[in-house]
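Everything below concerns the one structure shown next.
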2 protein chains.
Amino acid sequence: MTEKQEKILRAALELFAQEGYDASSTSRIARRAGVSEGLIFRHFTNKKGLLDALMQGMNQRMVQLVEPILGEPDARRCILATIALPFGLEPEEYDYWRLQYKLKWQKNARPAVLNNPLYQRLTQAFEQLAYPQPAEEARLLVHLLDSLAVALLRDELPDREAYHQFLRRKYGG
Amino acid sequence: MTEKQEKILRAALELFAQEGYDASSTSRIARRAGVSEGLIFRHFTNKKGLLDALMQGMNQRMVQLVEPILGEPDARRCILATIALPFGLEPEEYDYWRLQYKLKWQKNARPAVLNNPLYQRLTQAFEQLAYPQPAEEARLLVHLLDSLAVALLRDELPDREAYHQFLRRKYGG
DNA sequence: GTCTATAGGCCGATAGAC
DNA sequence: GTCTATCGGCCTATAGAC
């Protein structure tokens with residue numbers, strides 16, 4: 001991956017995340033990246049190829065984030081780590097996640113990598129803690145996680161820390 | 001509102017909700033509605049006018065849905081009605097709500113009509129029920145509501161009824 | 001008056017040629 | 001890295017059918 005290719009991907013990510021895929025023209029991406037427009041097509045074939053490259057990177061990052069939770073043997077810690085997840089996202093990476101949600105609605109993409117294994121691990125965790133309806137509890141938590149990420153990405157959550165504390169306590173932190 | 005105008009709006013809603021606003025051309029909308037393309041511009045000025053007309057209808061519908069909850073004096077019933085809300089959406093109206101979420105991400109639109117007054121009413125309800133952190137509880141419930149709607153619209157919620165029951169019980173139903 | 005059919009201008013975007 | 005062909009989308013305009 002050369003330096004120019006990275007610049008292109010970076011510019012594409014910023015524009016896609018801010019304006020949406022359709023609304024971002026390859027010429028603006030090229031200008032923002034400081035390269036000629038043709039270079040985009042040389043390296044990524046077409047506009048869709050750009051998106052594919054970005055999505056591949058996003059999937060890797062997701063797996064990387066969820067892996068430690070899946071590997072956590074202690075049920076309580078597993079749940080708390082799940083709650084902490086959206087709060088721990090780096091602001092530099094926000095564009096990544098914004099793009100995820102944009103695509104979820106614009107192109108009906110499903111980031112199944114994240115949700116399914118996590119859901120199963122959480123169900124198990126709630127079972128271990130003898131919750132009466134572990135599957136539903138797990139679903140609730142996944143839903144909560146999702147809205148939480150949305151609120152953070154859209155800057156719609158005042159009192160971040162108070163809310164995090166509140167959730168930790170709810171799950172016995 | 002003539003029959004043709006309704007056909008146009010209906011076609012536009014379907015396409016916008018499925019493919020997104022940008023990706024839906026006026027020519028396809030006209031074809032789907034079975035009218036000539038020019039008619040769209042005669043009635044709605046431009047493509048944006050189409051969207052505006054749809055959003056006006058959506059806002060009215062939202063107010064209509066939330067109003068009875070805001071007017072409910074009993075705290076417990078107020079909370080349960082909130083939970084029931086997404087489960088009570090008519091499948092025929094799903095495109096409406098899908099469009100809402102698409103716009104939320106595509107155009108950063110905020111359906112504040114719904115969330116703010118509802119959030120305040122719920123805070124009050126949790127206060128009345130002597131929850132230790134009513135504001136956070138209200139936020140949690142609004143988040144939950146949001147994810148729930150998303151899951152229903154994207155057909156990602158098996159066991160609808162079991163889950164509804166589960167939530168009702170959690171809030172003392 | 002409402003609508004269709006058609007023709008076309010303008011513009012920007014993708015993509016490939018050079 | 002530049003240049004340009006081609007396509008499609010938005011919108012206007014007009015002539016005429018129901």
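Lettering follows sequence order; numbering is per chain, from 1. These values consider heavy atoms only, across backbone and side chains, with no hydrogens, waters or symmetry-generated copies.
- Among the nucleotides C/dC3, C/dT14, D/dG9, the one closest to the side chain of B/L39 is C/dC3.
- Between the P atom of D/dG8 and the NZ atom of A/K47 lies a distance of 16 Å, rounded to the nearest Å.
- Across all strands, A/S24 comes closer than 4.0 Å only to sugar-phosphate atoms, never to a base (heavy-atom distances).
- For C/dT14, the OP1/OP2 oxygens have a side-chain nitrogen or oxygen of A/T26 closer than 4.0 Å.
- Side-chain nitrogen and oxygen atoms of B/K4 include none within less than 4.0 Å of the OP1 or OP2 phosphate oxygen of C/dC3.
- At least one cation-pi condition fails for A/R76 and A/Y171: the charged atom is not both under 6.0 angstrom from the six-membered ring centre and inside a 45 degree cone around its axis.
- Annotation: cation-pi pair B/K104/A/Y101 absent, no NZ/CZ under 6.0 Å from the ring centroid and within 45° of its normal.
- Relative to the side chain of B/F41, the nucleotides C/dC3, C/dT14, D/dC10 differ in distance, and D/dC10 lies closest.
- Side-chain N/O atoms of B/H43 include none lying less than 4.0 angstrom from OP1 or OP2 on C/dT2.
- The nucleotide whose nearest atom lies closest to any side-chain atom of A/S25 is, among D/dC11, C/dA13, C/dT4, C/dA13.
- The side chain of B/E37 lies closest to D/dC10 when the candidates are C/dT4, D/dT2, D/dC10.
- Residue contacts shown for B/G34 are limited to sugar-phosphate atoms, with no base heavy atom under 4.0 Å away.
- The closest side-chain donor-acceptor pair between B/S27 and B/E37, if any, does not fall under 3.5 angstrom.
- Using a 3.5 Å distance cut-off with no hydrogens or angles, the side chains of B/R168 and B/Q165 do not pair a donor with an acceptor.
- The side chain of B/T2 contributes an N or O atom lying less than 4.0 Å from OP1 or OP2 of C/dC3.
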